[in-house]
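Contents: one structure, followed by commentary.
Only this structure's heavy atoms are used, side chains among them; waters, hydrogens and symmetry mates stay out. Remember, it's 1-based here, ligands and their atoms both numbered in the order they're listed.
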Amino acid sequence: MSDLPQTVLVVGAGGREHALVRALAASPTRPRLLCAPGNAGIALDATCHAVAADDVAGLVALARREHAGFVVVGPEVPLSLGLVDELAKAGIPAYGPGADGARLEASKIFTKEILLRHRIPTAPAAFFSEPAAAIAYLRARPAPIVVKADGLAAGKGVVVAQTHAEAEAAVRALLALPDPLAAQANVAAPPRQILIEDCLTGEETSLLVVVSDRDYVMLPTAQDHKRIGDGDTGPNTGGMGAYSPAEVVTPALLGRIEREIVRPSVNAIADEGIAFRGTLFIGIMLTPAGPSVLEYNTRFGDPETQAVLPRLATDVLALLWAAAGGQLAGFRLEVKPDYALCVVIAAKGYPDRYPKGDLIGLPVPASLPPGAFIYHAGTATNAAGQTVTAGGRVLGVTALAPTLRAAADQAYAVCDQVRCDSKYFRRDIGARQLNRQ
Ligand code: AMP
Ligand code: GLY
């Protein structure tokens with residue numbers, strides 16, 4: 001494998017990017033780390049530059065100016081805007097798919113067509129751009145039923161409707177959603193399309209797969225907690241907590257997932273002519289009839305990454321560099337036996353309206369349990385130099401311990417020490433697996 005890069009730029013500003021920065025900082029090569037735009041916590045581990053994650057030209061210029069030898073792209077929007085393609089034109093290697101691969105996340109219809117064409121298990125679906133046809137279709141299907149916006153919608157594009165009335169309201173709302181990519185590119189948005197698909201039941205699991213063309217490395221399994229409230233109640237969010245491993249995925253089940261979903265997905269993407277080098281994040285529903293694909297994302301999950309990366313004993317820089325360079329065949333992943341659990345601390349009101357600028361009082365690092373770490377997400381430093389809230393998901397507290405119970409206890413002990421008027425977090429991260437034990 002070619003020499004590892006000495007300067008690495010991480011693009012993004014969330015807890016996922018903080019976890020990536022920390023993992024890269026642990027590389028034995030001790031790379032110089034940059035982040036754009038980063039946040040108050042990332043600034044302690046990397047040099048942050050105030051270039052927005054969707055400013056493609058600005059990021060390419062930054063990478064050039066700072067002699068970045070490698071760029072690791074966190075969020076989906078710059079991937080969809082073709083950041084990795086533009087970096088390649090500038091001769092700068094990057095981890096993450098080009099715009100063609102990012103369509104697997106940016107268009108649910110594109111992905112559904114690939115899944116169906118390659119006979120990869122997924123819920124049957126139909127596509128619409130007119131409300132009348134959509135409503136006629138769903139009235140003929142049983143409820144609950146799922147309505148999804150085709151394009152990126154920052155986590156607001158999926159409604160699992162319990163009744164036909166709710167589904168009809170979702171059809172109208174989702175067909176009227178603004179299109180963030182068109183807004184970024186300053187072009188008129190194409191008409192929205194929606195999918196209506198059958199509702200699957202079961203437990204969900206997130207599988208992060210590092211892909212390099214036809215080679216791949218599956219990262220340890222994880223489970224997210226998407227709803228805002230304890231007991232999986234209330235609206236969907238970006239994710240309120242995660243743990244790894246997800247033991248509901250037994251070794252036998254993981255073998256089945258690899259045979260029926262992972263290998264066929266990686267091959268299907270290559271067969272479609274997409275040179276995919278980056279993270280294929282497969283959202284899977286473990287239905288009574290077997291595992292079924294809910295979606296692909298083309299980036300690391302947030303907060304799954306905050307629970308998965310701390311478990312890797314492998315040099316993450318070497319892993320991502322090998323994938324980006326087409327050298328992943330035979331890569332051996334070393335995983336620690338410990339359990340990791342991440343609790344997201346959000347601002348009260350998230351995922352709707354929430355305050356910003358609230359002071360955050362953090363425990364001093366020396367007082368944290370040995371396996372615990374506080375990742376920053378929506379944080380900033382105010383004019384007085386204080387750490388304040390600056391987003392919906394504010395922090396992610398991860399603990400690594402020999403049992404899931406110990407990891408949960410440690411993470412929650414830290415959450416209780418964080419001081420912030422608008423602090424909100426779920427109390428039951430990991431409960432499903434803990435209750436089974
Ligand atoms: P997606 O962005 O497509 O993964 O959807 C977000 C969430 O909506 C998933 O994590 C599931 O909780 C739920 N969901 C999506 N599709 C379905 C489906 N066909 N059946 C049941 N729930 C679904
Ligand atoms: N945690 C789910 C996601 O990253 O989309």
Side-chain angles (χ1 to χ4, degrees), residues 12 14-17 19-20 74-77 79 102 104-112 115-116 121-126 138 141-162 166-167 170 174 177 194-209 219 221-228 232-244 246 279-289 291-309 342-344 346 351 375 377 392-393 396 426 429 432:
R16 164 184 55 208
E17 286 76 21
L20 282 165
E76 59 275 20
V77 169
L79 293 170
L104 293 164
E105 172 163 0
S107 169
K108 289 183 189 290
I109 291 179
F110 177 69
T111 289
K112 187 64 87 172
L115 290 167
L116 295 174
T122 190
L138 73 82
R141 311 288 297 178
I145 189 153
V146 183
V147 187
K148 301 184 175 186
D150 176 45
L152 292 180
K156 298 204 161 57
V158 176
V159 177
V160 181
Q162 297 304 320
E166 204 186 319
L174 295 182
L177 269 184
I194 56 169
L195 296 75
I196 299 182
E197 68 178 48
D198 291 0
C199 190
L200 303 175
T201 54
E203 260 189 70
E204 286 181 48
T205 185
S206 305
L207 193 61
L208 304 177
V209 186
L219 299 187
T221 54
Q223 202 165 50
D224 187 12
H225 297 63
K226 287 193 192 260
R227 304 298 190 98
I228 188 70
D232 296 327
T233 52
N236 262 339
T237 68
M240 294 302 294
Y243 61 88
S244 174
T279 306
L280 184 68
F281 161 165
I282 312 181
I284 297 170
M285 186 75 91
L286 305 171
T287 79
S292 179
V293 175
L294 289 170
E295 63 168 346
Y296 293 140
N297 294 311
T298 61
R299 52 171 174 85
F300 283 103
D302 188 338
E304 287 89 338
T305 303
Q306 295 91 303
V308 167
L309 292 188
C342 174
V343 180
V344 169
Y375 295 112
R393 292 189 292 174
R426 277 181 63 163
I429 303 304
R432 216 190 244 124

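- In summary, the atoms of ligand 1 found under 4.0 Å from a heavy atom of D198, numbered by their order in the structure, are 18 (C), 19 (N), 20 (N).
- Among protein heavy atoms, the minimum distance from atom 20 (N) of ligand 1 is reached at L200 N, 2.8 Å.
- Among all protein heavy atoms, the one lying closest to atom 7 (C) of ligand 1 is N236 ND2, 4.0 Å.
- Looking at heavy atoms from C-beta onward, V158 lies out of side-chain contact with E295 at the 4.5 angstrom threshold.
- Side-chain contact between I282 and Y296 is present, with heavy atoms from C-beta onward closer than 4.5 Å.
- In the vicinity of E197, heavy-atom distances shorter than 4.0 Å reach the ligand 1 atoms 16 (N), 17 (C), 18 (C), 19 (N).
- Remark: minimum distance from atom 9 (C) of ligand 1 to any protein heavy atom is reached at E204 OE1, 3.5 Å.
- Of the possible donor and acceptor atoms, none in the side chain of T279 sits under 3.5 Å from a partner among the backbone N and O of F281.
- The atoms of ligand 2 that sit less than 4.0 Å from any heavy atom of N297 are 5 (O).
- Residue contacts with ligand 2, taken as heavy atom pairs separated by less than 4.0 Å, involve F281 solely via side-chain atoms from C-beta onward.
- Protein heavy atom in closest approach to atom 13 (C) of ligand 1: V160 CG2, 3.9 Å.
- In this structure, the separation between CG on L309 and OH on Y375 is 7.0 Å, given to the nearest 0.5 Å.
- Close approach of ligand 1 to C199 is summarised as follows: ligand atoms under 4.0 Å from at least one heavy atom of the residue are 20 (N), 21 (C).
- Side-chain contact between V308 and F300 is absent, with no heavy atoms from C-beta onward closer than 4.5 Å.
- Between E105 and N297 the shortest side-chain heavy-atom distance falls below 4.5 Å.
- L294 CD2, 3.4 Å is the protein heavy atom nearest to atom 17 (C) of ligand 1.
- Ranking protein heavy atoms by distance to atom 5 (O) of ligand 2, first place goes to R299 NH2, 2.8 Å.
- A heavy-atom distance below 4.5 Å is not found between the side chains of I145 and C199.
- The distance criterion of under 3.5 Å between nitrogen or oxygen atoms is not met by K226 with respect to ligand 2.
- Between atom 15 (C) of ligand 1 and the options E295, K108, K148, the minimum heavy-atom separation is to K148.
- With contacts defined as side-chain heavy-atom distances shorter than 4.5 Å, the pair P303/H225 does not qualify.
- The shortest heavy-atom distance from R16 to ligand 2 is not under 4.0 Å.
- Distances between N or O atoms of G238 and those of ligand 2 include at least one value under 3.5 Å.
- Residue contact check: M285 has heavy atoms under 4.0 Å from atoms 21 (C), 22 (N) of ligand 1.
- Residue-ligand proximity, D224 to ligand 2, at heavy-atom distances under 4.0 Å covers atoms 1 (N), 2 (C).
- Side-chain atoms of V293 and P121, non-hydrogen and from C-beta on, never get closer than 4.5 Å to each other.
- Although no hydrogens or angles enter the test, the distance criterion places no donor-acceptor pair under 3.5 Å between the side chain of R393 and the main chain of A377.
- Interface of K226 with ligand 1, defined as ligand atoms under 4.0 Å from a residue heavy atom, comprises 10 (O).
- Panel note: side chain K148, backbone L174; no donor-acceptor pair is recorded below 3.5 Å.
- Here is the list of ligand 2 atoms found below 4.0 Å of a heavy atom in G301: 4 (O).
- Under a 4.0 angstrom heavy-atom cut-off, P303 registers as being in contact with ligand 2.
- With a heavy-atom cut-off of 4.0 Å, V146 touches ligand 1 through its side chain alone.
- The heavy-atom pair separating N236 from K226 by the smallest distance is OD1-CB, 3.3 Å.
- With E197 as the partner, the salt bridge (Lys or Arg N to Asp or Glu O under 4.0 Å) test is satisfied by one option alone out of K112, K108, R141: K112.
- Of all the heavy atoms of V158, the ones lying under 4.0 Å from any atom of ligand 1 belong exclusively to the side chain.
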